[in-house]
**Q** 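Would you mind keeping the following structure in view while I ask a few things?
Values below: all heavy atoms of this structure, side chains included; hydrogens, waters and symmetry mates excluded. Bear in mind the structure is a predicted one, so any value in this text is a computation, not a measurement. First listed ligand is number 1; within each ligand, the first listed atom is number 1.
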Amino acid sequence: MIDRAASLLRDGRLVAFPTETVYGLGADATDEAAVARLFEVKGRPRFNPLISHLPSVEAALAHGDFRDTALRLAEAFWPGPLTLVVRRAEGCPIAWLTSAGLDTVALRVPGLPSARALLAAAGRPIAAPSANRSGRVSPTTAAHVDAEFGEDVALVLDGGPTAVGLESTVVDVSGERAVLLRPGAVTSEMLVPITGPLARPAASAPIASPGMLESHYAPAAPVRLDATELRPGEAYLGFGPIPASLGPGREYLANLSPGGDLVEAASNLFAMLRSLDRPGVAVIAVAPIPETGIGAAIADRLRRAAAPRGSSNRVPPTA
Ligand code: TXA
Ligand code: MG
């Protein structure tokens, strides 16, 4: 199956595959036409650059300008759920469309061995945004991908539910100071010993991470945060013990982690948002969640899921 997927990718087709974070929708990052089709199928604005995935640290280092902090981060966290934005290496084959015309590229070496096997077999950088229509909830199972794309994708590799459940941490190390563009499983607590204090994205920055668009990761139903009581028509997404007044007998109820474990909550977040997002549910009310460790990334995604729809204002992520 991996060989077939790799050969489809080399032919310019779109292949969805699992990583340890979420499922990605892959295309040959060096093939302008394949990448154009990827933007079209996702409904993604072309000013939003894509991440290029490589099978090894060595392969990734060849595509960008890595020194100092960038190199130390690569060595510490790759393979893994971290994306580094660096200056494009001279002669870098990644298509300009992939990086939305920027002179930087976003690179990632995924932690999931089957993803690295696919990338090695493809033999070229693979652009892979999360395999969902732009602005919607990222997929953590192959069934989620099928539901979004159907026939538009040549092949969906099924690796079961993804382990992390949130997209990779994105750090821009192309300038003087490291900038946290998107929080994820590699937390700021883990980054800071290497990067020093992380800068926040400048409000005036010309580059938007789609993850920085205010409304993103959104289910169809509106989302209400820090809910400690339920209103008529609401479904409840809990964290930790569910208050007795809310719990038993409710039809639409899910719990991110009954034991209050943030890593478990992250892995359940997108699938549970999807499962509660159904006809008859007017609003998804979400319990308060602590913002420590990966909780910062959960809170970041939930704020965007709850943001007014159609909003394209950029808001900086939680540092
Ligand atoms: O976990 C993940 O990162 C998944 C899996 C499939 O690897 N991919 C993913 O891709 O989440 P996507 O396209 O949904 O998010 C890519 C993020 C966006 O926020 C994008 O703006 C940012 O990376 N990005 C890509 N290239 C960039 C660049 N040159 N400068 C700044 N941000 C960049
Ligand atoms: Mg995405």
Side-chain angles (χ1 to χ4, degrees), residues 15-27 29 35 38-39 42-54 60 63-65 77-88 92 94-112 115-116 118-119 125-140 144-145 148 157 159 162-175 178-186 201-202 205-213 215-218 266 270 297 300-301 304-305 314-317:
V15 171
F17 63 97
T19 76
E20 77 279 26
T21 57
V22 299
Y23 276 71
L25 184 58
V35 174
L38 178 53
F39 274 101
K42 239 191 98 85
R44 177 172 176 129
R46 288 190 179 207
F47 61 78
N48 277 331
L50 304 170
I51 299 170
S52 294
H53 297 68
L54 283 310
H63 288 82
D65 176 14
F77 298 111
W78 278 349
L82 175 69
T83 294
L84 294 173
V85 174
V86 293
R87 290 195 175 280
R88 170 190 275 279
C92 175
I94 294 171
W96 288 97
L97 182 57
T98 306
S99 61
L102 299 168
D103 60 4
T104 53
V105 284
L107 303 173
R108 171 158 122 79
V109 181
L112 190 71
R116 292 202 305 279
L118 172 65
L119 297 167
I126 298 299
S130 49
N132 52 281
R133 307 261 178 207
S134 196
R136 312 305 300 220
V137 178
S138 294
T140 56
H144 294 161
V145 181
E148 298 248 353
L157 291 177
T162 60
V164 175
L166 297 179
E167 306 82 354
S168 62
T169 306
V170 181
V171 181
D172 183 343
V173 279
S174 68
V179 184
L180 179 63
L181 293 179
R182 181 172 72 184
V186 175
I207 308 158
S209 276
M212 292 169 64
L213 296 174
S215 174
H216 207 74
Y217 314 110
F270 289 145
D300 170 77
R301 303 307 191 277
R304 290 163 212 283
R314 276 185 284 145
V315 293

**Q** Check whether any N or O atom of His53, backbone or side chain, sits under 3.5 Å from an N or O atom of ligand 1, and answer yes or no.
**A** yes
**Q** Gly64 and Val86: which non-hydrogen atoms are nearest, and at how many Å?
**A** CA-CG2, 3.7 Å
**Q** Should you measure from each heavy atom of Ala106, which atoms of ligand 1 turn up under 4.0 Å away?
**A** 25 (C), 26 (N), 27 (C)
**Q** Could you measure the distance from the CG atom of Leu50 to the CZ atom of Arg44? Nearest 0.5 Å is fine.
**A** 5.0 Å
**Q** Is there any N or O on Thr21 that sits under 3.5 Å from an N or O of ligand 1?
**A** yes
**Q** Can you figure out which of Ile94, Asn132, Ile51 has its heavy atom closest to atom 23 (O) of ligand 1?
**A** Ile51
**Q** Tell me whether Arg108 is salt-bridged to Glu20, with the criterion being a basic N under 4.0 Å from an acidic carboxylate O.
**A** yes
**Q** Output the distance between atom OG1 (Thr104) and atom CG (Asp65), rounded to the nearest 0.5 Å.
**A** 11.5 Å
**Q** Tell me the contacting part of Lys42 for ligand 1: side chain, backbone, both, or neither, using a 4.0 Å heavy-atom threshold, strictly below.
**A** neither
**Q** Please could you name the atoms of ligand 1 that Leu181 approaches to less than 4.0 Å, counting only its heavy atoms?
**A** 31 (C), 32 (N)
**Q** Based purely on interatomic distance, does Ser168 place a nitrogen or oxygen under 3.5 Å from a nitrogen or oxygen of ligand 1?
**A** yes
**Q** Assess Ser99 for proximity to ligand 1: is some non-hydrogen atom of it under 4.0 Å away?
**A** no
**Q** Can you tell me how far the CG atom of Leu107 sits from the OG1 atom of Thr83, to the nearest 0.5 Å?
**A** 8.5 Å
**Q** Closer than 2.8 Å to the Mg ion (ligand 2), do we get an N, O or S atom from Ser138, backbone or side chain?
**A** no
**Q** Who pairs with Ser99 by side chain to side chain contact (heavy atoms under 4.5 Å, CB included), at least two apart in sequence or on another chain?
**A** Arg88, Trp96, Val105
**Q** Is ligand 1 under 4.0 Å from a heavy atom in the side chain of Thr104, in the backbone, in both, or in neither?
**A** both
**Q** Would you please name every residue forming a side chain to side chain contact (heavy atoms under 4.5 Å, CB included) with Ala178, sequence neighbours left out?
**A** Val171, Val173, Thr195, Leu198
**Q** Provide the number and element of each atom of ligand 1 under 4.0 Å from a heavy atom of Arg44.
**A** 12 (P), 13 (O), 14 (O)
**Q** Below 3.5 Å, N or O to N or O, backbone or side chain included: is there any such pair between Tyr23 and ligand 1?
**A** no
**Q** Who gets closest to atom 33 (C) of ligand 1 by heavy atom: Pro81, Ser138, Pro49, Ala16?
**A** Pro49
**Q** Using a 4.0 Å cut-off to any heavy atom of Gly24, which atoms of ligand 1 qualify?
**A** 6 (C)
**Q** Nearest 0.5 angstrom please: Phe39 CZ to Thr98 OG1, how far?
**A** 7.0 Å
**Q** Taking 4.0 angstrom as the limit and counting only heavy atoms of Arg108, give me the atoms of ligand 1 inside it, by number and element.
**A** 1 (O), 2 (C), 3 (O), 5 (C), 7 (O)
**Q** Got Phe17 and Leu112 here, is their nearest side-chain heavy-atom distance under 4.5 Å?
**A** no
**Q** For atom 4 (C) of ligand 1, state which one of Val105, Leu38, Thr19, Val22 supplies the nearest heavy atom.
**A** Val22
**Q** For residues Ala185 and Val164, report the shortest heavy-atom separation together with the two atoms involved.
**A** CB-CG1, 3.6 Å
**Q** With rounding to the nearest 0.5 angstrom, report the OH to OG1 distance, Tyr23 to Thr162.
**A** 7.0 Å
**Q** At a 4.0 Å cut-off, with the gap strictly under it, does some heavy atom of Val85 reach an atom of ligand 1?
**A** yes
**Q** May I ask you to check if ligand 1 and Asn48 share an N or O to N or O distance below 3.5 Å?
**A** no
